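Both ligands and their constituent atoms are indexed starting at 1 by order of listing. Because the structure is predicted, anything quoted here is derived from the model rather than measured.
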Amino acid sequence: MQDKKILVVYFSKADENYNVGEIEVGNTELLAEEIIKRTGADEFKIEPKAPYPKGYQETVDLATEEKASDARPEYLNEIDIEKYDTIFLGYPIWWSDLPMIVYTFLDNHDFSNKTVIPFNTHEGSGNAGTYEDLKVELPESNVIGDGFNMTGMSARTEEGIKKLNDWLSSLGF
Ligand SMILES: Cc1cc2nc3c(=O)[nH]c(=O)nc-3n(C[C@H](O)[C@H](O)[C@H](O)COP(=O)(O)O)c2cc1C
């Protein structure tokens, strides 16, 4: 797969987070950075137009509202994904789902005929069924069912990064 044009798209939130305290770089971002380093992929970080609150509880409250209203929060910048064959899609689990801002990105792009490789961090929910949800959301894409997930805490360890690399190897990267 090394000759394919690869993009890593991800959303990740720094500042105060569950179990890990105040962090400067989000858990999912650490995985994204490693995938970029390993594969030479291009990168697009989904940056909210209205930044999420720094505090964990405030973020939870806002995310609750966003999910209840099926919101599509806006993000800054944009990327044309046409030239990419393979797209890694990274996100934290929020309320057993993708953060709504990731749905905004999905809505704004045509993923047909692309291979989509999900990866995520969480604090107990695993992938929370999101890999199957993505297959439904992106019916014209080849969504890889064996994505990668680990707790946010693990993503911050050498052992976690090694597991990520083992998974990338298993996919041929
Ligand atoms: C709003 C919100 C909702 C969350 N909901 C869940 C959840 O349903 N299940 C779970 O396992 N973890 C949940 N978490 C924990 C995050 O998935 C976890 O901390 C993740 O590693 C954060 O990644 P990030 O630093 O890349 O944003 C939630 C965190 C937040 C902020």
Side-chain angles (χ1 to χ4, degrees), residues 7-39 41-77 79 87-107 116-137 143-168:
L7 176 67
V8 176
V9 175
Y10 67 97
F11 170 70
S12 180
K13 188 188 166 288
D15 306 312
E16 190 194 357
N17 214 336
Y18 189 79
N19 244 353
V20 294
E22 286 285 339
I23 50 177
E24 275 182 29
V25 179
N27 302 324
T28 311
E29 182 159 355
L30 292 175
L31 301 185
E33 281 174 352
E34 185 67 19
I35 296 171
I36 291 158
K37 198 167 89 185
R38 169 82 174 246
T39 63
D42 290 344
E43 165 179 13
F44 184 78
K45 181 177 181 182
I46 301 172
E47 298 268 17
K49 210 172 233 180
Y52 283 96
K54 286 190 183 295
Y56 172 70
Q57 191 53 50
E58 291 84 347
T59 303
V60 165
D61 293 345
L62 184 51
T64 305
E65 280 171 34
E66 286 180 353
K67 187 163 162 59
S69 61
D70 199 23
R72 291 293 183 273
E74 291 182 62
Y75 52 83
L76 299 169
N77 309 316
I79 185 166
I87 301 180
F88 285 86
L89 181 67
Y91 49 89
I93 297 295
W94 277 15
W95 294 127
S96 299
D97 203 347
L98 309 174
M100 301 316 284
I101 198 166
V102 177
Y103 284 107
T104 314
F105 189 89
L106 299 184
D107 286 356
V116 176
I117 310 179
F119 65 99
N120 70 275
T121 63
H122 63 93
E123 281 302 338
S125 298
N127 79 72
T130 54
Y131 304 163
E132 290 306 312
D133 296 342
L134 282 168
K135 286 183 189 175
V136 175
E137 200 68 29
V143 178
I144 299 285
D146 56 349
F148 182 82
N149 65 79
M150 63 173 23
T151 64
M153 199 64 139
S154 309
R156 314 193 73 79
T157 66
E158 260 180 49
E159 180 64 23
I161 296 301
K162 187 183 172 309
K163 280 192 185 145
L164 174 69
N165 276 292
D166 289 345
W167 170 71
L168 289 168

Under 3.5 Å, sequence neighbours excluded: what are the donor-acceptor pairs made by side chains of residues 25-32?
{"unit_1": "N27", "atom_1": "OD1", "unit_2": "R156", "atom_2": "NH1", "d": "2.8"}
{"unit_1": "T28", "atom_1": "OG1", "unit_2": "T121", "atom_2": "OG1", "d": "2.8"}
{"unit_1": "E29", "atom_1": "OE1", "unit_2": "K45", "atom_2": "NZ", "d": "2.8"}
{"unit_1": "E29", "atom_1": "OE2", "unit_2": "Y10", "atom_2": "OH", "d": "3.3"}

Atom OG1 of T151 and atom CD1 of I93: how far apart are they, to the nearest 0.5 Å? 12.5 Å
Is the count of non-hydrogen atoms from other residues, nucleotides or ligands lying under 6.0 Å from K135 atom NZ greater than 12? yes
In chain order, what residues pass the side chain to side chain contact (heavy atoms under 4.5 Å, CB included) check against E74, with sequence neighbours excluded? K49
Are any protein N/O atoms closer than 3.5 Å to the N/O atoms of ligand 1? If there are, list each pair with names and the distance to one decimal place.
{"unit_1": "ligand 1", "atom_1": "5 (N)", "unit_2": "I93", "atom_2": "O", "d": "3.4"}
{"unit_1": "ligand 1", "atom_1": "5 (N)", "unit_2": "W95", "atom_2": "N", "d": "2.9"}
{"unit_1": "ligand 1", "atom_1": "8 (O)", "unit_2": "W95", "atom_2": "N", "d": "3.3"}
{"unit_1": "ligand 1", "atom_1": "8 (O)", "unit_2": "S96", "atom_2": "N", "d": "2.9"}
{"unit_1": "ligand 1", "atom_1": "9 (N)", "unit_2": "S125", "atom_2": "OG", "d": "2.7"}
{"unit_1": "ligand 1", "atom_1": "11 (O)", "unit_2": "E123", "atom_2": "N", "d": "2.8"}
{"unit_1": "ligand 1", "atom_1": "11 (O)", "unit_2": "G124", "atom_2": "N", "d": "3.1"}
{"unit_1": "ligand 1", "atom_1": "11 (O)", "unit_2": "S125", "atom_2": "N", "d": "2.9"}
{"unit_1": "ligand 1", "atom_1": "11 (O)", "unit_2": "S125", "atom_2": "OG", "d": "3.1"}
{"unit_1": "ligand 1", "atom_1": "12 (N)", "unit_2": "E123", "atom_2": "N", "d": "3.2"}
{"unit_1": "ligand 1", "atom_1": "14 (N)", "unit_2": "I93", "atom_2": "O", "d": "3.2"}
{"unit_1": "ligand 1", "atom_1": "17 (O)", "unit_2": "I93", "atom_2": "N", "d": "3.4"}
{"unit_1": "ligand 1", "atom_1": "17 (O)", "unit_2": "I93", "atom_2": "O", "d": "2.7"}
{"unit_1": "ligand 1", "atom_1": "19 (O)", "unit_2": "N17", "atom_2": "OD1", "d": "3.4"}
{"unit_1": "ligand 1", "atom_1": "21 (O)", "unit_2": "N27", "atom_2": "ND2", "d": "2.9"}
{"unit_1": "ligand 1", "atom_1": "21 (O)", "unit_2": "T121", "atom_2": "OG1", "d": "2.7"}
{"unit_1": "ligand 1", "atom_1": "23 (O)", "unit_2": "T121", "atom_2": "OG1", "d": "3.2"}
{"unit_1": "ligand 1", "atom_1": "25 (O)", "unit_2": "K13", "atom_2": "O", "d": "3.2"}
{"unit_1": "ligand 1", "atom_1": "25 (O)", "unit_2": "N17", "atom_2": "ND2", "d": "3.2"}
{"unit_1": "ligand 1", "atom_1": "25 (O)", "unit_2": "N27", "atom_2": "N", "d": "2.8"}
{"unit_1": "ligand 1", "atom_1": "25 (O)", "unit_2": "N27", "atom_2": "ND2", "d": "3.4"}
{"unit_1": "ligand 1", "atom_1": "26 (O)", "unit_2": "S12", "atom_2": "OG", "d": "2.6"}
{"unit_1": "ligand 1", "atom_1": "26 (O)", "unit_2": "N27", "atom_2": "N", "d": "3.4"}
{"unit_1": "ligand 1", "atom_1": "26 (O)", "unit_2": "T28", "atom_2": "N", "d": "2.8"}
{"unit_1": "ligand 1", "atom_1": "26 (O)", "unit_2": "T28", "atom_2": "OG1", "d": "2.7"}
{"unit_1": "ligand 1", "atom_1": "27 (O)", "unit_2": "K13", "atom_2": "N", "d": "2.9"}
{"unit_1": "ligand 1", "atom_1": "27 (O)", "unit_2": "K13", "atom_2": "O", "d": "3.4"}

Checking ring-ring contact (aromatic ring centres under 6.0 Å, His included) for the pair F44/F105: CA distance, chi angles, key distance, verdict? CA-CA 11 Å; F44 184 78; F105 189 89; 5.6 Å; yes
Which residues share a side chain to side chain contact (heavy atoms under 4.5 Å, CB included) with E65, sequence neighbours left out: L62
